[in-house]
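First up is the structure itself, then whatever we jot down about it.
Only a predicted model underlies this, so the values are computations on that prediction, with no experimental measurement involved.
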Amino acid sequence: MRARPYAFLRIGPRWVNMCMVTDIEDHGDELRIFVAADMARLAGTDSPEAIDVARRFSVKDEEDIARVKQWLMLNEED
């Protein structure tokens with residue numbers, strides 16, 4: 001386990017604080033990510049995309065899906 005986990009992950013046009021993620025649903029060709037707080041104002045882009053009212057967003061890009069799954073594997077606690 002790392003001494004300091006890496007919390008921010010770039011997914012598409014947004015930076016996501018993975019510490020604020022409450023659930024991730026795998027629907028095969030997409031991941032649906034739920035967050036605990038509104039993260040519409042994110043660093044790293046000129047015009048960040050807002051998360052919808054349900055505080056969720058979908059990831060459909062294959063590279064982003066692989067990046068999220070890799071992040072989950074690296075930060076999994078024993």
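Considering only heavy atoms from C-beta on, Val35 stays 4.5 Å or farther from Asn17 through its side chain. With a 4.5 Å cut-off on side-chain heavy atoms, Arg14 and Phe57 count as touching.
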Are Leu72 and Val68 close enough, and set up right, to give a side chain to side chain contact (heavy atoms under 4.5 Å, CB included), and what steps lead you there?
CA-CA 6 Å; Leu72 291 170; Val68 171; 4.1 Å; yes
Stepwise side chain to side chain contact (heavy atoms under 4.5 Å, CB included) test for Leu9 and Arg67
CA-CA 8 Å; Leu9 182 65; Arg67 189 177 302 125; 3.7 Å; yes
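One distance of note links CG of Asp29 with NZ of Lys60; it measures 8.0 Å at 0.5 Å rounding. To the nearest 0.5 Å, the span separating OG on Ser58 from CD1 on Ile65 amounts to 9.5 Å.
Nearest heavy-atom pair, Met18 versus Ile24, reported as atom, atom and distance to 0.1 Å: CE-CD1, 4.4 Å. Closest approach of Val21 to Val16, counting heavy atoms only: CG2-CG1, 4.1 Å.
Remark: side-chain polar atoms of Asp26 are not paired, donor with acceptor, to backbone N or O of Leu31 under 3.5 angstrom.
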